[in-house]
Amino acid sequence: MHEHELESLLKETLTHYVDAHRDRVADLEYEVIEELPTSRPNPRPRWSLIAAGVVAVAAVFVVGLWVGLNFLGAPCHDPDVLCLVYPQAKSVSLASQFTLWEPVPMNGPDRSGVWWIRLPKDIKPGRYEYGFIVDGTRWVYDPRATEFVHTFDDKINSVLYVVPKEGREQP
Amino acid sequence: MGEGELELIQRALHGDVDAWGEIVRRYKDAVFGIALGILGNPADAEDAAHDAFIRAYEGLHTFHLEKRFSTWIFAVTANVCKNKLRRERLFAPLKYISKLTKGSDPAQQLAQQERTRIIQESIDQLKPAYRMPLVLRYYAELDYKEIAEALGLPEGTVKTRLHRAKAELRRILEQKGVTGHA
């Protein structure tokens, strides 16, 4: 049997075999979603591995961890903060109309790989386009934005609306 | 990376399970196919596909956003299958014969089914170390480099295993009288 014949047989057989059983995964996305936690878990130590006898020490550790996560993590719940999850980035900057497209380094990453930056306090109400620059070269739009625009050089900008009093509409 | 895929992954990283559901919808056939090819049993493949997507979601922060997501999810799938094989010692021959061609000639259809059954059984007779790269190459259509990444092997080892896998498969098929396209 020639090489190409064997390869063709392999492809054909595997494809047919899978096609015949494809129904089994018809609802897989729903089954998977049902099992996922509603909030993304952060990497954390396996508590089960910590000796059962040191409950008191473990409790102190839990409290410490909670405090650490709340005070050291990115404040993405704050409407005045822009965030980007990018654990592998070495640096992330914000570039926007309100920075005159000058890259402004973002804080981070936190332990979940989130980079963040607080909007300037003196930012004026209005519509601003913006994006993130990863590792000094890669333009990344904000997936949490509610509006996007295509630029003339075929990139995508996110759009932020700064509202005068009632707060800022942002991703 | 597919259209909008990076955005879906970013949303999933933020805890958006619906975004992950869309990823599952896009990749479930490929992931299931790989699992089926490696495990040779539809029920086990279904479990493995399910486990692979849960594990991938839990470990999504380890995925490098610049890389191809398909290679990464296939690697997760291959690992889930490898663990399953190791855990359950699942080396039994295929028990499920698929309903295959839709040709109008019943005799031809039967012959094609029989031929496919023999080939499936022959693939399943291969050692998992040979079967895994074979499935990733000829079902998932990954290149050598991607298979090497997925299986955590040097590229040279992947080439060697694929070569040996095909030689072994050819030998088994010839023993069973399958010599080429009918």
Side-chain angles (χ1 to χ4, degrees), chain A residues 1-43 76 83-89 109 111-114 132 134-135 137-138 140-145 148 156 171, chain B residues 6-18 20-25 28-29 31-33 36-37 42-43 45-46 49-50 53-54 57-58 60-66 94 96-101 115-116 119-120 123 134-135 137-139 141 166 169-170 173-174 178-181:
Chain A
M1 187 182 298
H2 293 297
E3 181 87 359
H4 66 88
E5 267 187 308
L6 182 69
E7 291 179 351
S8 158
L9 267 179
L10 272 167
K11 283 182 189 173
E12 191 182 307
T13 303
L14 288 167
T15 305
H16 281 164
Y17 189 35
V18 174
D19 282 348
H21 296 286
R22 203 180 291 280
D23 289 351
R24 283 184 168 270
V25 288
D27 296 323
L28 187 64
E29 58 267 44
Y30 305 109
E31 292 163 17
V32 168
I33 283 175
E34 273 179 23
E35 286 196 29
L36 296 179
T38 50
S39 62
R40 169 151 287 283
N42 285 319
C76 295
C83 286
L84 179 72
V85 184
Y86 215 118
Q88 289 79 34
R111 56 182 297 146
S112 301
V114 180
F132 303 115
V134 173
D135 293 338
T137 54
R138 185 171 182 190
V140 175
Y141 59 83
D142 185 348
R144 301 197 310 159
F148 302 90
I156 296 174
Chain B
L6 180 61
E7 185 195 351
L8 288 171
I9 293 166
Q10 291 268 12
R11 282 168 49 197
L13 278 164
H14 278 285
D16 183 342
V17 293
D18 290 330
W20 190 246
E22 175 59 21
I23 291 283
V24 175
R25 194 186 64 74
K28 64 183 179 183
D29 287 345
V31 163
F32 175 69
L36 185 57
E46 187 183 343
H50 181 272
F53 282 116
I54 297 281
Y57 180 81
E58 288 170 352
L60 194 57
H61 61 280
T62 65
F63 167 60
H64 287 250
L65 294 166
E66 302 82 4
L94 294 172
Y96 298 84
I97 310 305
S98 46
K99 297 166 190 166
L100 298 172
T101 56
R115 183 185 172 86
T116 307
I119 298 165
Q120 284 171 3
I123 294 171
L134 208 65
V135 171
R137 180 82 186 98
Y138 296 106
Y139 179 74
E141 298 186 336
K166 283 188 281 185
L169 189 62
R170 191 181 284 116
L173 287 174
E174 282 170 1
V178 178
T179 52
H181 265 296

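In what follows, every chain begins at residue 1, and chains take the letters A, B, ... in the order their sequences are listed.
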Inset, instruction - Please flag which part of B:Glu22 lies under 4.5 Å from any non-hydrogen atom of chain A: side chain, backbone, both or neither. - result: neither
Legend entry - Note, B:Leu169 side chain near A:Leu10 side chain (heavy atom, < 4.5 Å): yes
Legend entry - With sequence neighbours excluded, residues passing side chain to side chain contact (heavy atoms under 4.5 Å, CB included) with A:Glu3: A:Glu7, B:Lys166, B:Arg170
Legend entry - Exercise: identify the closest heavy-atom pair between A:Lys11 and B:Tyr138: CG-O, 3.2 Å
Inset, instruction - Verify side-chain contact (heavy atoms from CB on, under 4.5 Å) between A:Val18 and B:Asp29, making sure each step is shown before the conclusion. - result: CA-CA 8 Å; A:Val18 174; B:Asp29 287 345; 5.7 Å; no
Legend entry - CZ-CD1 distance between B:Phe53 and A:Ile33, expressed to the nearest 0.5 angstrom: 11.5 Å
Inset, instruction - Report yes if the side chains of B:Phe63 and A:Pro87 come closer than 4.5 Å at any heavy-atom pair, otherwise no. - result: no
Inset, instruction - Tell me, for A:Leu6 versus chain B, whether the close heavy atoms (under 4.5 Å) come from the side chain, the backbone, both or neither. - result: side chain
Legend entry - Closest approach of B:Gln10 to A:Val85 (non-hydrogen atoms, all atoms of both residues): OE1-O, 2.8 Å
Legend entry - Least distance between heavy atoms, A:Arg24 atom then B:Ala43 atom: NH1-CA, 3.7 Å
Inset, instruction - Find the distance between CG (A:Leu28) and CZ (B:Arg25) and round it off to the nearest 0.5 Å. - result: 12.5 Å
Legend entry - Taking every non-hydrogen atom, the tightest pair across B:Leu65 and A:Arg138: O-NH1, 3.9 Å
Inset, instruction - Would you please name every residue forming a salt bridge (charged side-chain N to carboxylate O under 4.0 Å, His left out) with A:Glu31, sequence neighbours left out? - result: none
Inset, instruction - Would you give the length of the straight line joining atom CD of B:Glu66 to atom CD of A:Gln88, rounded to the nearest 0.5 angstrom? - result: 6.0 Å
Legend entry - Flag, side chain of B:Lys28 to backbone of A:Val25, donor-acceptor distance under 3.5 Å: yes
Inset, instruction - Answer yes or no: is there a donor N or O on one side and an acceptor on the other, between the side chain of A:Glu29 and the main chain of B:Ile23, under 3.5 Å? - result: no
Inset, instruction - Enter the distance from B:His61:NE2 to A:Tyr86:OH here, rounded to the nearest 0.5 Å. - result: 16.0 Å
